[in-house]
Amino acid sequence: QGNNILKLSFINSNTGWAAGEKGAILKTTSGGNTWTPQYAGTVSDIHALQFSDSLHGWVGAESDLFKTTNSGQSWTIIYRFPGYNITALAMRDNDTGVVAVSNGFTGSLLYKTIDGGTNWTQLPASISTDILDLTYTPNGTILAAGAVGTLLIGTSGGTNWASASAGTSDDFTDISAASNTTFYACTMNGIYKSTN
């Protein structure tokens with residue numbers, strides 16, 4: 001389809017979505033062997049993508065958050081963050097999730113939803129860099145990764161935050177939780193693992 005892909009979200013070994021530059025969204029039901037284009041109604045770059053099941057998905061393009069409830073056949077803007085760009089998104093289920101937004105100058109703000117993205121409440125996290133990826137562990141801990149080696153761990157639903165260090169100042173672009181204690185994060189130069 002000609003545009004760089006920036007994010008992936010798979011719900012099982014066969015079904016997943018990819019999204020990226022100029023509003024590109026693709027869906028596969030064959031484990032990636034074939035892809036079908038979808039369209040959310042934007043030509044802005046998509047930097048956030050998450051599906052919680054086969055029907056419910058979200059994409060963030062600039063300040064607009066789009067949602068689908070029919071596997072991506074149609075999308076609706078459900079929330080806007082004026083003056084900010086959505087840089088990361090994680091949904092624990094169909095209702096609960098977190099989003100990171102940035103104005104490009106003062107770092108990131110984190111917001112939480114408990115109603116599927118209709119309403120958002122700011123979380124008490126002070127972050128001077130851009131958050132580039134978010135994920136949940138199985139027990140609900142929030143992991144955030146971002147620029148200049150930023151790694152954050154949010155507990156109690158995101159009301160308490162602690163920073164971690166991997167010994168690098170490279171930008172972390174992705175973070176994943178294999179379990180409640182084993183995490184992986186990657187930069188352009190390497191993959192980092194934590195078992196604690």
Side-chain angles (χ1 to χ4, degrees), residues 3-9 17-26 37-52 55-136 140 142-148 150-154 156-161 163 171-175:
N3 299 300
N4 289 327
I5 296 300
L6 304 174
K7 291 293 179 180
L8 293 170
S9 181
W17 288 259
E21 293 178 350
K22 298 182 181 177
I25 302 174
L26 301 168
Q38 296 184 339
Y39 184 58
T42 181
V43 293
S44 298
D45 294 351
I46 295 172
H47 288 279
L49 165 69
Q50 178 76 61
F51 272 77
S52 57
L55 298 175
H56 298 83
W58 298 258
V59 294
E62 293 187 349
S63 63
D64 295 333
L65 182 68
F66 296 80
K67 182 179 180 180
T68 181
T69 56
N70 58 11
S71 298
Q73 295 179 49
S74 60
W75 297 81
T76 304
I77 295 177
I78 59 166
Y79 202 85
R80 283 194 165 106
F81 295 89
Y84 291 89
N85 287 324
I86 299 168
T87 59
L89 169 72
M91 297 297 296
R92 187 177 185 194
D93 51 41
N94 292 344
D95 298 314
T96 303
V98 289
V99 67
V101 299
S102 171
N103 62 10
F105 301 102
T106 59
S108 293
L109 301 175
L110 297 181
Y111 289 84
K112 179 180 180 179
T113 183
I114 56 172
D115 59 11
T118 302
N119 296 288
W120 295 85
T121 303
Q122 188 175 344
L123 293 173
S126 177
I127 309 165
S128 60
T129 59
D130 287 349
I131 295 299
L132 303 176
D133 198 26
L134 292 161
T135 195
Y136 278 92
I142 305 166
L143 305 178
V148 200
T150 300
L151 294 169
L152 298 171
I153 302 168
S156 302
T159 57
N160 297 311
W161 292 88
S163 61
D171 295 350
F172 282 104
T173 55
D174 288 277
I175 191 163

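Only this structure's heavy atoms are used, side chains among them; waters, hydrogens and symmetry mates stay out.
Listed for the K112 side chain is no donor-acceptor partner under 3.5 Å among the backbone atoms of T96. Here the side chain of Q38 pairs a donor or acceptor atom with the backbone of S71 at under 3.5 angstrom. In this structure, D133 contributes its side chain and I175 its backbone to a donor-acceptor pair below 3.5 Å.
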Go through N3 and I5 one step at a time and tell me if the side chain to side chain contact (heavy atoms under 4.5 Å, CB included) criterion holds. CA-CA 6 Å; N3 299 300; I5 296 300; 5.9 Å; no
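The minimum heavy-atom distance linking A125 with L110 is given by the pair CB-CD1, 4.0 Å. Closest of all the heavy-atom pairs between I131 and S108 is N-OG, 2.8 Å. Nearest heavy atoms, L8 versus A18: CD2-CB, 3.5 Å.
Considering CG of L134 and CG of D174, their distance stands at 11.0 Å, rounded to 0.5 Å. Distance check: T76 OG1 to L65 CG gives 11.0 Å after rounding to the nearest 0.5 Å. Atom CG of L49 sits about 12.5 Å away from atom CE of M91, to the nearest 0.5 Å. To the nearest 0.5 angstrom, I142 atom CD1 is 4.0 Å from Y136 atom OH. Separating the CD atom in E62 from the OG1 atom in T42 is a distance of 6.5 Å, to the nearest 0.5 Å. Note that CG of L109 is 13.0 Å distant from CH2 of W120, once rounded to the nearest 0.5 Å.
Applying the ring pair (Phe, Tyr, Trp, His ring centres under 6.0 Å) test to residues at least two apart or on different chains, the pairs with a partner in residues 87-112 are F81-Y111. Contacts classified as salt bridge (Lys or Arg N to Asp or Glu O under 4.0 Å) and involving residues 88-98 (residues at least two apart or in different chains) are not found.
For T173, the side-chain contact (heavy atoms from CB on, under 4.5 Å) test picks out L132, C186, with sequence neighbours left out. Listed by chain and number, the residues in a side chain to side chain donor-acceptor pair (under 3.5 Å) with W58 amount to none (sequence neighbours excluded). Under the side-chain contact (heavy atoms from CB on, under 4.5 Å) criterion, A48 pairs with I86, L89, not counting sequence neighbours. Annotation: side-chain contact (heavy atoms from CB on, under 4.5 Å) contacts of T121 (sequence neighbours excluded): none.
The side-chain heavy atoms of F66 and T68, taken from C-beta on, include no pair separated by under 4.5 Å.
Neither side chain, T87 nor S102, offers a donor N or O lying under 3.5 Å from an acceptor on the other.
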